[in-house]
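Counting starts at 1 for both ligands and their atoms, in listed order. The basis for the numbers below is simple: all heavy atoms, side chains too, and nothing from hydrogens, waters or symmetry mates.
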Amino acid sequence: MRKKIIAGNWKMNIKPGETAALVKAVAEATKDAAGIVDVVCCTPAIDIPAAVAAAAGTHVKIGAENAHWAESGAYTGEISTAMLADAGVEYVIIGHSERRQYFGESDETVNKRARAVIAAGLTAIVCIGETLEEREAGKLEEVIERQMNVGLKDISSTDAAKLVIAYEPVWAIGTGKTATPDQAQEVHALIRATLAKLVGAETAETVRIQYGGSMKASNAAELLAKKDIDGGLIGGAALKADTFAPIVAAAK
Ligand code: PEP
C-alpha cells in the first residue's frame, strides 16, 4: 500500500508574515489525516523558517519549490539542498512546468537537481507533464518517456525511496481544466511502466505518483480513487486551509 501524499505548492504567494497562520490552519484542518496521509506545504524559500517553526509538533511537513545542485559556491540567488536540509525542509519540488517554461529548466537540470535533493536525504517531487500541443500532436508518450529517461537518469532503486513523481499536464495547471480520472490514470500507468524500466518493477510499485492540475475538493476523490494516483500536487487550492483540507480528507 502506498501512503497518499497531498502537497501544496504555494508558488510566489503567501508572505513570510502570513505563513505561520496558513501552516497552523492546515495542520488543524487536516489533523484527522495525521499518520494516514502525508500532508506537505511547499513554500517560497523566504517563508521556510516560519513554516518549519509553525509545523513543529504537527503532522505537516515543509517543502521547498526548487534547489540548486551544487553543495555551495558562487551561484548568486540560488539555494542548496544542504541549506534546505539545515532549515528543516523534507521535500523539494523539482522541474515544475513553470520553472521549465519561464526559467529555462531542462530535463538535464531537473536530473542534476533531483539527484542533489536525494543525496541530501530529502525527498524530490519531480514534475513531468505534456503541453496541450504535445498531447494533440500525439506526442504524450514520447514526452513523458523523455522527461523520465533524462530527468531520472542515474536514480537508483535505493534512491527511489526518496522520489515522488508529480504528473502535471501543463494544460491543466491553474486553468480550471482537469484531466479526467481515466486520462490521468492512463498516464500514471505509463509513468509506472516507464519507472519499472528505470528502477525495476518491484521498486516502481512503491513510488508515489501524484496528479497535479486544478485538483480541488470537487474532483479529488474521483482522481484519488484511481489505482496509480497516489496523491496530489495542489496549486491554487493550497492557498487556503478550507480549500486544501477537503483534498486531504478525500485522500483518507
Ligand atoms: C501546480 O502548480 O502544481 C498546480 C497543480 O496548480 P493548480 O492546482 O492551481 O492547477
Note to self: With heavy-atom distances below 4.0 Å as the criterion, list the atoms of ligand 1 near Gly213.
What the structure shows: 5 (C), 10 (O)

Notebook entry, point to check: In terms of atom number and element, which parts of ligand 1 are under 4.0 angstrom from non-hydrogen atoms of Glu168?
Noted result: 1 (C), 3 (O), 4 (C), 5 (C)

Check: What atoms of ligand 1 come within less than 4.0 Å of a heavy atom belonging to Lys11?
Finding: 1 (C), 2 (O), 6 (O)

Margin query: Applying a heavy-atom cut-off of 4.0 Å, say which part of Ile173 lies close to ligand 1: side chain, backbone, both or neither.
Written below: both

Next item on the list: Enumerate the atoms of ligand 1 whose separation from the nearest heavy atom of Ala172 is less than 4.0 angstrom.
Entry: 10 (O)

Margin query: Does Glu186, at its CD atom, have more than 12 non-hydrogen atoms belonging to other residues, nucleotides or ligands within less than 6.0 Å?
Written below: no

Next item on the list: Determine, considering heavy atoms only, which of Gly176, Gly235, Ala237, Gly174 sits nearest to atom 10 (O) of ligand 1.
Entry: Gly174

Notebook entry, point to check: Is it true that a side-chain atom of Asp159 and a backbone atom of Ser156 form a donor plus acceptor pair closer than 3.5 Å?
Noted result: yes

Notebook entry, point to check: Hey, is Lys216 touching ligand 1 through its side chain, its backbone, both or neither, going by heavy atoms under 4.0 Å?
Noted result: neither

Margin query: Please determine whether a side-chain nitrogen of the Lys or Arg among Asp107 and Lys153 lies less than 4.0 Å from a carboxylate oxygen of the Asp or Glu.
Written below: no

Next item on the list: Consider ligand 1: state whether an atom of it lies below 4.0 angstrom from any non-hydrogen atom of His96.
Entry: yes

Margin query: Evaluate Gln101 against Ser97 for side-chain hydrogen bond (donor to acceptor under 3.5 Å, both in side chains), listing each step before the verdict.
Written below: CA-CA 6 Å; Gln101 190 180 348; Ser97 65; 5.4 Å; no

Item checked: Partner of Asp38 by side chain to side chain donor-acceptor pair (under 3.5 Å), out of His59, Arg208, Lys4, Lys61 -> Arg208

Notebook entry, point to check: Would you say Ile6 and Phe244 make side-chain contact, with heavy atoms under 4.5 Å?
Noted result: yes

Notebook entry, point to check: Any idea which protein heavy atom is nearest atom 9 (O) of ligand 1, and the distance to it?
Noted result: Gly236 N, 2.9 Å

Check: Do you see a donor-acceptor pair shorter than 3.5 Å between the side chains of Glu168 and His96?
Finding: yes

